[in-house]
Amino acid sequence: MKKYNHEKIEKKWQKEWKKNKLYQTKNETDKPKYYILDMFPYPSGAGLHVGHPKGYIATDILARQKMLQGYNVLHPMGWDAFGLPAENFAIKNKVHPREMNEKNIATFKSQLEKIGFTYDWDREINTTDPEYYKWTQWTFLQMFKKGLAYESYEPINWCPKCQTGLANEDLENGKCERCDSEIEQKPMRQWVLKITDYAERMLKDLDKLQNWPESIKEMQKNWIGKSEGAKIKFPIKEEKLRTEVVPRGGVKRSKTTEEVRPREVISEIEVFTTRPDTLFGATYLVLAPEHELVEKILSEAREEVVPRGGGIGSEADNSDGRGATSGSVERINISNYKEVKKYVEQTKNKTEMERMENKEKTGVELKGVKAINPANQEEIPVYIADYVLADYGTGAIMAVPAHDERDFEFAQKMGIKIKQVIAPDDYNQETNDRKQLNVILMHGWGGHGKMGWFKEVKKFLTNKNIDVIAPDFPNTDSPKYQEWRDFFKKNIQPKINDQTVFIGHSLAPSFLMHYITEENLQLQQAIFVAPVLHNRISELNNFFEKDFNWSKIKKLIKKVIVLGSDDDLYITLNDFQELSEKLSAKFILHKNRGHFSQNENSNPEIIKLLEEILDSQNSNIQSKFKIQNSKLYTGVGILINSEQFDGMNSEEAKKAITKFVGGEMTVNYKLKDWVFSRQRYWGEPIPIIHCDKCGVVPVPEEELPVKLPDVENYEPTGTGESPLANIDEWVNTKCPKCGGEAKRETNTMPQWAGSSWYYLRYIDPKNNKALVDKKKEKYWSPVDFYIGGAEHATRHLIYARFWHKFLFDIGVVNYEEPFTRLQNVGLIMAEDGRKMSKRWGNVINPDDIVDEFGADAMRVYEMFMGPFAQSVAWNTKGLIGARRFLEKVWRLFQEKELVECGGGRCGDVPKEIPPLFHKTIKKVTEDIESMNFNTAISQMMIFVNECMKHDILPKSAMERFLILLAPFAPHITEELWAELGAREEVVPRGGGIGSEADNSDGRGATSRNAEFSSIFLEEWPKYNPDMIKDEMFEMVVQVNGKVRDKVQVSADISEEEANEKALASEKVQKYVDGKEIKKVIFIKGRLLNLVI
RNA sequence: GCCGAAGUGGUGAAAUUGGUAAACACGCACGACUCAAAAUCGUGUGCCCAAAAGCUUGAGGGUUCGAGUCCCUCCUUCGGCACCA
């Protein structure tokens, strides 16, 4: 008997497959296509760890299954090789990044090849290959021509360590994602792509992506962040500022003055708001510290420091131009200008981290400037605060403190007026229908001495005619409680009013919560009464921490009243204090122990106490209205305090008020334009030439690619320019337009550029005429299945969708969306539960696993670990299970006798095997389709375990079982297949037990090299539905829903028969005995439930 | 804080979508083979218990003949976003 030698087998077949070009993908074919894509890796120096191949194994399984099902499969691999690590390594070690890349790629490739993937390496691509990035540059030029690429001087995120600008997408918690340094804001000339032009389409088309995980779509939605609202202009009321608009004193303005006057006077502030309906409640404006008006005011005000040119002469228009602003005119009088300046500078210096840490609102008023609320002409103050972002909306907001959390917080801090203009929609319901419920919860109900206290409560409530709800009376028959039960029964009111009191045992909250939801009540405040006579303080503590985990009620308990006496043996005043701090509740220590006497006479002190309690509840109801009238409400509703718009609902009012003040309804996106340049060496040069005469000139297409020159130094220049800027012979060039001296753009593209379209290049990797041949693109696109990490949910997948849509618009591709189906792969964590990383020293190299256990075992294990999309910790012990399974399969084919049914030995075949096999075909086929690889494997294990029990097995089933297993464990199955001998002649396809249904359509099997036989040229088995129907089944017999017995019955048993069988069971009789059967529930093929 | 996903044995996890909870695997225990060990095979393995009965899917409640699955109120963990007006 041969031993399973994974090493030998795997090497052998990897060689054979390569030699026979088994995985080479042909373009011209009449087969249906299937394009399966992995997110291509960045070839880092660390090599692959066992987590990387998880996704690749899955795509490989799919690819192999699709091959077997007769598809023409494209399953390529390539390298996303531009990027910072290679460059940083180059700086350190003075090696060209390309060299390091090549080395890393070789490592990656050998690691991948050991695992036995179906990649067609003839289609390998590399983003750093000039023949590849030629087309990245080409696409950039097309965008430039369409006006989608522009230069901008906006401040960018600057990483001082990497000496480069970063997109927002490259930040992690305000730090550089690569090196973890604090990010500064630095203005710099950048190339920016107008991705925002595509925001709406990218959002809308998410709906088309039926086979994308909802979570990813949701994340993209949030990332795009569409919000609809209005732009509204607030006039500025500032005498001196306004006079700028109208020339003073009617002085005739010479042409010169007008020309040289560099200032554009800002006479109004435009804000963006999603809630124009709250305009009447806007009691101040806020500008972002970076707002242009702020900048302007600061520079204006600076002039004030310079002694004024003063007097009448100042109006002279003999100015030399610059003079117009040179302190001759008294302009803006910001009385707290120093303060403002200081604040603006402070915020500028704040790092992102600091801004994040300090959530408290800060800001400063712009004294001397007022704005006019265009709705009611009210004069309102203007503030500068960093809670307003410069690059969202207009960088300025109208603040409505009554209806916005942030504005509310700020207004409270600054003491600004808060004006309510929206009443909640259910305002009326709140006051009329939806009742407030007052709650008194009593702890220690039913204790001996406490009855006196409860009697007082009863008396008090009766006298005051207060309705009571107390449904949770202790469930005991003790006569002691009879009086209470009667009382509550009598007083329970179906309708509740503001006076109603819920009085219950302190353990009642479960009921209470239910009651509140059922009756649509609102719980305002609860009072907790805890007589402590016999309750040790620890008991009370316990109660709050363990039993009483109803956090909502807990939060509402504002007052805890503990009735106790100072002569109590069990607790001290210190205990009270401690407990009160813990619960942040107020205690009333009641001194008179007499409350708890059995005494029937009223105790005036108790009455007083109760009145206090109820009064405080009533005052709460009062304050409830106050809360609604003057405090925060952020929902929509009915307008109040809004003059002619009063009574209108928010939705209507949004439009009406916007129209009324001459505003404009607009849409805003969080998505920002894509900062597309990096001041680094190792990226695609941006194909642009700067000419003094002609300005920005694109490199002519025929000159592409603009190749990356070799440099001696990879260090950033420190000025923020790319190292390319130092290579004069590269930078200096001729202007393609005028032929004059010109300079090349020295910025390079970000890593995202090459990865935004690589999937298209696999289709036609060698084409030097076009990015991709149109016909081939039409055949292969879109990608049918894309598998990769969820970490790319927003960046890569947004960029690629954008890029693709652009290519669609210019006619390069045929479909609007690049990826039809997307699936996330869950991470594999290290055995210690952390991420695998050199830093932790917990990395497991797949090479070691392949050497020791075999590629097949690793493949099976990684797919068996758990649900594919979930992250799991690696466990080498678990791997042993996969290995044992393969060994069992091996032994099966070595030890068992395989018989052909045609040989007249059908009878020798165990009858369990054929139906189980067909079930296995079904399960494996379906589970691969739905990415449930773990259960597919488990089913195959069940099948193998069953086979192990028998000595004689049906040959055709066993052969086809190998095909099922082949995508998971290609090497061992290929070997066993070969051992069984050439197939076609021996077993007529579709033959064998119960396989009448598999009529071969002959696809695929014969299309290759005739001498080369491979299991992967066979056909995926089909199951026969008749074979999986059970004739008998185990019927579950339940009594009142509980399983009492199981009986073997035939599959098509009738209800009557089933009933008979069930009642025949002794076990069932035991439960049914003598009792009336009220109802019988019969579920065909499953169970029978007797209800008694 | 907001959005999303998820909580099931000692562990990784299954559960036909409302119908036998814990398949499959790891681990563990016992047994067989062996001088012995490893490997392999067999048996057992949710909790409580001698057994019968009972209990059990983060907590509590609800709907239902029947709930891991649906509804309500919470808790916890992990991802994403985070002053987005």
Identified pairing partner of A32(B), criterion: Watson-Crick or G-U wobble below 3.5 Å
U40(B)
Using a cut-off of less than 4.0 Å, is there contact between a side-chain N or O of Asn824(A) and OP1 or OP2 of G79(B)?
no
Below 4.5 Å, heavy atoms only, C-beta onward: do Val1036(A) and Arg1086(A) meet side chain to side chain?
no
Rounded distance in Å between the C1' positions of U45(B) and A23(B):
15 Å
Mate of A59(B) across any strand shown (Watson-Crick or G-U wobble, both atom pairs under 3.5 Å) is U73(B)
Whole-Å C1' distance, A22(B) and A15(B)
8 Å
Given A39(B), is OP1 or OP2 found less than 4.0 Å from the side-chain N or O atoms of Arg883(A)?
no
Paired nucleotide for A53(B) [Watson-Crick or G-U wobble; both distances under 3.5 Å]
none
C26(B) P sits how many Å from Trp874(A) CH2, rounded?
15 Å
Partner nucleotide of G10(B) by Watson-Crick or wobble geometry (both distances under 3.5 Å):
C26(B)
Scan nucleotides 11-21 of chain B nucleotide by nucleotide, 5' to 3', and note B when protein non-hydrogen atoms come under 4.0 Å of the base, S if they reach only the sugar-phosphate, - if neither.
-BSS-B--BB-
Is the positively charged end of Lys361(A) above the ring of Tyr387(A), judged by distance under 6.0 angstrom from the centroid and angle within 45° of the axis?
yes
Go ahead and name the base partner of U64(B); Watson-Crick or wobble counts if both distances stay under 3.5 Å, otherwise write none.
none
Cation over ring, Lys419(A) on Phe280(A), under 6.0 Å and within 45°?
no
Measuring only the P atom in each nucleotide, how far is A29(B) from U34(B)? A whole number of Å is fine.
23 Å
Separation of G80(B) atom C1' from Glu791(A) atom CD, nearest Å, is 13 Å
Under a 3.5 Å limit on both distances, the Watson-Crick or wobble mate of C2(B) is G80(B)
Under 4.0 Å between a side-chain N/O of Arg884(A) and OP1 or OP2 of G27(B), yes or no?
yes
Can you tell me if Lys835(A) touches the phosphate of G79(B), counting only side-chain N or O atoms and a distance under 4.0 Å to OP1 or OP2?
no
Would you kindly check whether a donor in the side chain of Lys670(A) faces an acceptor in the base of C81(B), or vice versa, at under 3.5 angstrom?
no
Using both distances under 3.5 Å as the test, list the Watson-Crick or G-U wobble partner of A15(B), or none.
none
Side-chain heavy-atom pair Asn934(A), Pro867(A) within 4.5 angstrom cut-off:
yes
Just checking Asn945(A): base, sugar-phosphate only, or nothing, at a heavy-atom cut-off of under 4.0 Å?
sugar-phosphate
